[in-house]
Amino acid sequence: MAATDIARQVGEGCRTVPLAGHVGFDSLPDQLVNKSVSQGFCFNILCVGETGLGKSTLMDTLFNTKFEGEPATHTQPGVQLRSNTYDLQESNVGLKLTIVSTVGFGDQINKEDSYKPIVEFIDAQFEAYLQEELKIRRVLHAYHDSRIHACLYFIAPTGHSLKSLDLVTMKKLDSKVNIIPIIAKSDAISKSELTKFKIKITSELVSNGVQIYQFPTDDESVAEINGTMNAHLPFAVIGSTEELKIGNKMMKARQYPWGTVQVENEAHCDFVKLREMLIRVNMEDLREQTHSRHYELYRRCKLEEMGFQDTDPDSKPFSLQETYEAKRNEFLGELQKKEEEMRQMFVQRVKEKEAELKEAEKELHEKFDRLKKLHQDEKKKLEDKKKSLDDEVNAFKQRKTAAELLQSQGSQAGGSQTLKRDKEKKN
């Protein structure tokens, strides 16, 4: 009997029966809580926004601490993502918090590709988790999950409308991460301008089809507060780690010549709303949405690219082994085809090289023959010239010998005449 038939029979035959007494599986929630607390939790936040919008300050304010980090400059040649992980402890709950900031975002003259490093980073975290999940020996319980759970998108408080860079970036990210738009440094514009700015941002997001994260309303315990908070998006926030004495209390605030802006005063900004929604109410839902929605979409697309399907063309249940064998045979076929193409290309290149070498050898032989003939001609000329010189030397020697002979004969004749004259004088 097929496994699907058995599963169908089990589902159809499931009945609800009463218990005669206490069994104990009602302690499962407590067991789950204790195990989760002992293992600890992880939460990863991506802060996207232009340099100088107070991203680092807001993170310090949200988690009531001072995170280490170097201040960013406006001279970055491109967008770089800087990731820092911190171990936080509150009561008996441990949290491994990762904050990823976009250094240099929006600082370039050409901002066309500013979103690409962010998308590549998010996909790289999904890919790392997928590779760990596909291993034969998986250790997911000990694996540090680096997938981005929340993206805080910082909007400059211009009071007019969203920049093209903001719309393009959020549109590229909305299918990969939970986007929570926030208006940074909201004390830079008036309350009336801020209200109009929020309406304008919401209208532009809807008209451009940008899907931002909506706080869930399916859970009755948080449905009312989440529904109310959804209407306040985007949150207008202010960050400050400086504490000032207001009345009898020390409160986080920003001091200006015209007055004081209290960070945790909901009449001044939406910081408290952001903290409630992000950390105290919906942190687990953000983690769950990342896994069940964004990661599942990435995983499905990657597996479909690899050729895996839930059903085969005949609508039969998917067989992993058959798909693996089919992909293996397809890969081997492509490999053999490439090997044959490479072999033919190699043979063709060898033939071309042989032809080139033969042509070069022929040219060398012709050059050698020309040089050899030239050498022979030069040698013949030299031999002829040498023979001519030898003939001239021999003729010169002959003339010299004849001259010397004539000279000696002349000397002898002159001597005999002198002797004859001397004899005549004596007589």
Side-chain angles (χ1 to χ4, degrees), residues 70 73-82 103-104 107-117 119-121 123-124 127-128 131 302 305-307 324-427:
E70 299 178 358
T73 63
H74 293 272
T75 58
Q76 296 291 334
V79 180
Q80 300 176 355
L81 278 84
R82 186 180 298 166
V103 181
D107 290 338
Q108 295 75 37
I109 296 176
N110 184 1
K111 303 177 178 64
E112 184 179 358
D113 297 332
S114 295
Y115 68 89
K116 287 185 178 179
V119 173
E120 290 171 358
F121 178 85
D123 286 344
E127 183 64 24
Q131 293 300 323
K302 291 295 288 187
E305 287 178 9
M306 296 167 63
Y324 170 76
E325 290 294 335
K327 294 299 292 184
R328 182 175 180 274
N329 294 333
E330 181 183 350
F331 173 75
L332 290 176
E334 291 178 357
L335 183 61
Q336 291 177 355
K337 183 179 178 181
K338 288 183 179 180
E339 286 180 352
E340 181 64 23
E341 290 177 355
M342 290 179 66
R343 188 186 68 80
Q344 292 178 359
M345 186 182 297
F346 177 74
V347 171
Q348 181 66 24
R349 288 186 177 180
V350 168
K351 289 180 179 179
E352 292 175 357
K353 197 67 177 177
E354 286 179 348
E356 291 177 3
L357 291 174
K358 287 180 179 179
E359 187 66 25
E361 184 180 8
K362 182 180 179 182
E363 291 178 358
L364 286 173
H365 279 299
E366 291 176 353
K367 187 176 181 181
F368 175 75
D369 293 338
R370 288 196 304 270
L371 291 174
K372 185 177 179 180
K373 188 175 182 299
L374 182 63
H375 173 70
Q376 290 174 350
D377 294 342
E378 290 291 333
K379 184 178 180 182
K380 185 178 180 181
K381 288 179 182 179
L382 289 173
E383 288 177 350
D384 293 342
K385 194 171 184 180
K386 181 182 177 185
K387 184 179 180 182
S388 175
L389 289 173
D390 289 341
D391 292 342
E392 289 180 4
V393 169
N394 292 331
F396 173 76
K397 287 180 178 180
Q398 290 176 1
R399 289 195 301 270
K400 181 180 179 183
T401 304
E404 289 176 350
L405 181 60
L406 290 173
Q407 185 179 4
S408 63
Q409 289 177 354
S411 299
Q412 290 176 0
S416 63
Q417 288 177 2
T418 302
L419 290 174
K420 186 177 180 180
R421 282 195 300 267
D422 287 343
K423 287 180 180 183
E424 289 176 355
K425 287 179 180 181
K426 287 179 182 180
N427 294 329

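All heavy atoms count here, side chains included; hydrogens, waters and symmetry mates do not. Computed from a prediction, not measured in an experiment: that's the story for all the values here.
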Approximate separation, where rounding is to 0.5 Å, of Leu374 CG and Asp369 CG: 12.5 Å
Separation of Glu356 CD from Arg349 CZ (nearest 0.5 Å): 11.5 Å
Test log, rule side-chain contact (heavy atoms from CB on, under 4.5 Å), inputs Arg343 and Glu339: CA-CA 6 Å; Arg343 188 186 68 80; Glu339 286 180 352; over 6 Å; no
Enclosure of Gln407 CD (heavy-atom neighbours >12, cutoff 6.0 Å): no
With Lys387, the side chain to side chain contact (heavy atoms under 4.5 Å, CB included) member among Leu389, Asp391, Asp384: Asp391
Separation of Phe346 CZ from Lys351 NZ (nearest 0.5 Å): 12.0 Å
Spacing of CD belonging to Glu354 relative to CD belonging to Glu361, to within rounding of 0.5 Å: 11.5 Å
Lys379 NZ to Lys372 NZ distance, which is reported to the nearest 0.5 Å: 11.0 Å
Donor-acceptor under 3.5 Å (Thr401 side chain, Lys397 main chain): yes
Full working for side-chain contact (heavy atoms from CB on, under 4.5 Å) between Val79 and Gln108: CA-CA 9 Å; Val79 180; Gln108 295 75 37; 3.9 Å; yes
Residues Lys381 and Asp377 bridged, charged N to O under 4.0 Å: no
Nearest-0.5 Å distance that lies between atom CD in Glu352 and atom CE in Met345: 10.5 Å
Pair Gln344-Gln348, side-chain hydrogen bond (donor to acceptor under 3.5 Å, both in side chains): steps then yes or no: CA-CA 6 Å; Gln344 292 178 359; Gln348 181 66 24; over 6 Å; no
From CA spacing to verdict: side-chain contact (heavy atoms from CB on, under 4.5 Å), Lys358, Lys362: CA-CA 6 Å; Lys358 287 180 179 179; Lys362 182 180 179 182; over 6 Å; no
Exercise: do Gln336 and Glu340 side chains pair donor with acceptor under 3.5 Å: no
Within 6.0 Å of CD in Glu112, more than 12 heavy atoms from elsewhere: no
Leu371: side chain to side chain contact (heavy atoms under 4.5 Å, CB included) partners, not counting sequence neighbours: Lys367
All salt bridge (Lys or Arg N to Asp or Glu O under 4.0 Å) counterparts of Glu330, not counting sequence neighbours: Lys327
